[in-house]
**Student:** 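My questions will all concern the structure given below.
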2 protein chains.
Amino acid sequence: MEASISQTVPATSRERILEVALAEFAACGYEGARLQDIARAAGLSHPTLLYHFESKEGLYAAVIAAATADWAAETRRAISGNRQGFEQIASLVEAAFHFFETHANFVRVLRREAIEGGERLGAASADVLAPFVAEGVSFLERETAAGRLRPHDPLELMALCYAAVFTHFSDAAFRSRVLGDDPLTPAALRRSRDALLALLRAALDPGG
Amino acid sequence: MEASISQTVPATSRERILEVALAEFAACGYEGARLQDIARAAGLSHPTLLYHFESKEGLYAAVIAAATADWAAETRRAISGNRQGFEQIASLVEAAFHFFETHANFVRVLRREAIEGGERLGAASADVLAPFVAEGVSFLERETAAGRLRPHDPLELMALCYAAVFTHFSDAAFRSRVLGDDPLTPAALRRSRDALLALLRAALDPGG
DNA sequence: ACCTGTCTACTGACTTGTCAGTAGAGCGCC
DNA sequence: GGCGCTCTACTGACAAGTCAGTAGACAGGT
């Protein structure tokens, strides 16, 4: 599974299918998405889609794999700076907002999986995420011990950040409906991100 | 739509259907849920289900209505104390954890709706929620002006609390898969709730 | 000649919703 | 107390439609 989700108009049928399939799975869920609709949106008949992807499940797996590859790359970049204390947290939160801004549909797919327990993602995804979480916990414990962060339950802190960022993107349409604003404009994203950072800084940063 | 979701074994077919339908819609989503499966779980044939509820959409609406009635009652109770400052926030967070503990399946249904923009909920739900949010914002502004809370973006603060509580319940199965613990045990709920309250207190309570 | 990408036409499985009919409880009435 | 009538709750069988996936033909490039 190689292809990543491009930002420009995709050249090949395979790339076009991946892009519209992500949007369709995000909007309708796995069960609700129709191969015929995805194919039509990509300008193809649905048997042609099945020529490129062996089955609906195969297409879904390819969509997940493509977006996951992008995510892994972006996360590696955000922690490569080897920052300390609150600065590292801020850097990760900013990276998350930036990544999901360009992959909002992927968040909705992930959220659906999370609701269902992630069975469709396969055991692999849990095995990928667990070490990432463990590393985060040990970072928080280390920085707290060094006095660069005020003490807080590390696991719950990470869960809260995950919840805040994911919800902002996955529930954007709902928030827009209830509040009347669009949470995905650059200004709204900045506002939400800064509010989260301000709250975290007030609670965690010894110098804040 | 009168019936509420009971905690004990439901006596009537209608109540049994509502209960297993909530579980099925939570687990599979609206599209993924099968009337036949719901009926079988309730010990009936599927035409009998359609005898009690005119259609799949009608059943879904009835499920939402029953749970929403419970939610409204619990929320009214939590704000009836007329508390001030951080105490009122803590009271609401505690009430939310308590309510969703007994209605975890309802959270998953709501989250699915949020992902899809809540179109199936009808305009009514937005009209119910908007005043609730407005009241929360004006409470936060009033208490901040009175010096009982440290200043923070009110809307984003509410969004963050919503995100934290909803995610804890809607993504419980996923968290359990990644971390190996069960987030819905009383101890885990207390831990998560207290972590959220500690963070909020550190950021908002002038005396904390 | 063969491979790639595409199409039209089709099938089988499955789902919602309908229909006609059954079992049994309740009720007035002679 | 037996009879006719109605109502609720329920069922099996079926109609209508949808969906994923298959078969086979066809066009264009190498």
Side-chain angles (χ1 to χ4, degrees), chain A residues 1-3 6 9-66 109 112-113 116 119-122, chain B residues 1-3 6 9-66 109 112-113 116 119-122:
Chain A
M1 298 300 143
E2 71 300 346
S6 88
V9 178
T12 72
S13 292
R14 196 188 154 85
E15 284 163 0
R16 250 179 305 136
I17 292 170
L18 279 176
E19 196 162 289
V20 302
L22 175 63
E24 196 71 6
F25 283 132
C28 310
Y30 179 80
E31 306 273 353
R34 313 290 171 211
L35 291 189
Q36 223 158 13
D37 295 347
I38 295 171
R40 196 183 315 125
L44 298 166
S45 68
H46 93 272
T48 302
L49 186 158
L50 287 165
Y51 167 79
H52 290 283
F53 301 91
E54 65 273 31
S55 67
K56 189 179 184 180
E57 274 191 58
L59 170 61
Y60 189 75
V63 164
I64 300 275
V109 171
R112 287 182 190 276
E113 286 301 327
E116 282 158 38
E119 287 166 36
R120 237 193 304 274
L121 293 177
Chain B
M1 297 300 143
E2 69 302 341
S6 88
V9 178
T12 72
S13 292
R14 196 188 154 85
E15 283 163 1
R16 251 180 303 135
I17 291 171
L18 278 177
E19 195 161 288
V20 301
L22 175 63
E24 196 72 5
F25 283 132
C28 311
Y30 179 80
E31 306 273 354
R34 310 291 170 212
L35 293 188
Q36 221 157 16
D37 295 347
I38 295 171
R40 196 183 315 125
L44 299 166
S45 67
H46 95 272
T48 304
L49 188 157
L50 288 165
Y51 166 80
H52 289 283
F53 300 90
E54 64 272 33
S55 66
K56 189 178 183 182
E57 274 192 58
L59 171 61
Y60 189 74
V63 165
I64 300 275
V109 171
R112 287 182 190 275
E113 286 301 326
E116 283 158 37
E119 287 166 36
R120 237 192 302 275
L121 293 177

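Values in this document were obtained by computation on a predicted structure and should not be read as measured data. Labels below follow one simple rule: chain letters A, B, ... track the order of the sequence lines, proteins then strands, and each chain is numbered from 1.
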**Student:** In this structure, how many angstroms lie between the P atom of C/dC14 and the CD atom of B/Glu31, rounded?
**Tutor:**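 Interatomic distance, CD of B/Glu31 to P of C/dC14: 18 Å.
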
**Student:** Over how many whole Å does the gap from B/Leu49 atom CG to C/dT16 atom C1' extend?
**Tutor:**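 These atoms are roughly 11 Å apart.
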
**Student:** When you compare the side chain of B/Thr48 with that of B/Ser13, does any pair of heavy atoms fall below 4.5 Å?
**Tutor:**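 No, their side chains stay 4.5 Å or more apart.
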
**Student:** Can you tell me how far P of C/dT15 sits from CZ of B/Arg34, to the nearest Å?
**Tutor:** 5 Å

**Student:** Counting only N and O atoms by type, is there a donor-acceptor contact under 3.5 Å from the side chain of A/Arg112 to the main-chain atoms of B/Arg112?
**Tutor:** no

**Student:** Are B/Arg40 and B/Asp37 close enough that some pair of their side-chain heavy atoms sits under 4.5 Å apart?
**Tutor:**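 The answer is yes, as the side chains (C-beta and beyond) meet within the 4.5 Å cut-off.
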
**Student:** Is the shortest side-chain N/O distance from A/Tyr51 to OP1 or OP2 of C/dG5 below 4.0 Å?
**Tutor:**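 Yes, A/Tyr51 has a side-chain N/O under 4.0 Å of OP1/OP2 on C/dG5.
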
**Student:** Would you say A/Ser13 places a side-chain N or O within less than 4.0 Å of OP1 or OP2 belonging to C/dG5?
**Tutor:** no

**Student:** Rounded to whole angstrom units, what separation is found between the CD atom of B/Glu54 and the P atom of C/dT18?
**Tutor:** 10 Å

**Student:** In whole Å, I'd like the distance from the CZ atom of A/Arg16 to the P atom of C/dG5.
**Tutor:**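 Atom-to-atom, A/Arg16 to C/dG5, this comes out as 12 Å.
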
**Student:** Has the side chain of B/His46 got a donor or acceptor atom sitting under 3.5 Å from an opposite partner on the base of C/dG17?
**Tutor:**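 Answer yes: a donor N or O sits under 3.5 Å from an acceptor.
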
**Student:** Along DNA chain D, 5' to 3', what are the outermost nucleotides having an atom less than 4.0 Å from a heavy atom of chain B?
**Tutor:** D/dT8 to D/dA13

**Student:** Working to the nearest 0.5 Å, report the span between CG of B/Leu18 and OG1 of B/Thr12.
**Tutor:**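 Between B/Leu18 CG and B/Thr12 OG1, I get 8.0 Å after rounding to 0.5 Å.
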
**Student:** Distance check needed: C/dG5 P versus A/Phe53 CZ, whole Å only.
**Tutor:**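 Rounded to the whole Å, the gap is 12 Å.
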
**Student:** Between C/dT6 atom P and A/Arg14 atom CZ, what is the distance in whole Å?
**Tutor:** 12 Å

**Student:** Categorize A/Ala33 for me: base, sugar-phosphate, or nothing, with a 4.0 angstrom heavy-atom threshold over every strand shown.
**Tutor:**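 The answer is sugar-phosphate, as A/Ala33 gets under 4.0 Å only of primed atoms, P, OP1 or OP2.
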
**Student:** So does B/Arg34 pair up with A/Glu31, basic N to acidic O under 4.0 Å?
**Tutor:** yes

**Student:** How many Å lie between CG on B/Leu59 and C1' on C/dG17, as a whole number?
**Tutor:** 14 Å

**Student:** Over 60° means perpendicular and under 30° means parallel, so classify the ring planes of A/Tyr30 and A/Phe25, tilted if in between.
**Tutor:** parallel

**Student:** Tell me what B/Leu35 touches on the nucleic acid: a base, only sugar-phosphate, or nothing, going by heavy atoms under 4.0 Å.
**Tutor:**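 Result for B/Leu35 = sugar-phosphate.
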
**Student:** Between C/dC19, C/dG5, C/dT16, which nucleotide has the shortest distance from any of its atoms to the side chain of A/His52?
**Tutor:** C/dG5

**Student:** Do A/Leu49 and A/Ile17 come close enough that some side-chain heavy atom pair is under 4.5 Å?
**Tutor:** yes

**Student:** Kindly say if A/Thr48 contacts the phosphate of C/dG5, meaning a side-chain N or O under 4.0 Å from OP1 or OP2.
**Tutor:**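 False: A/Thr48 side-chain N/O out of range (4.0 Å or more) of C/dG5 OP1/OP2.
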
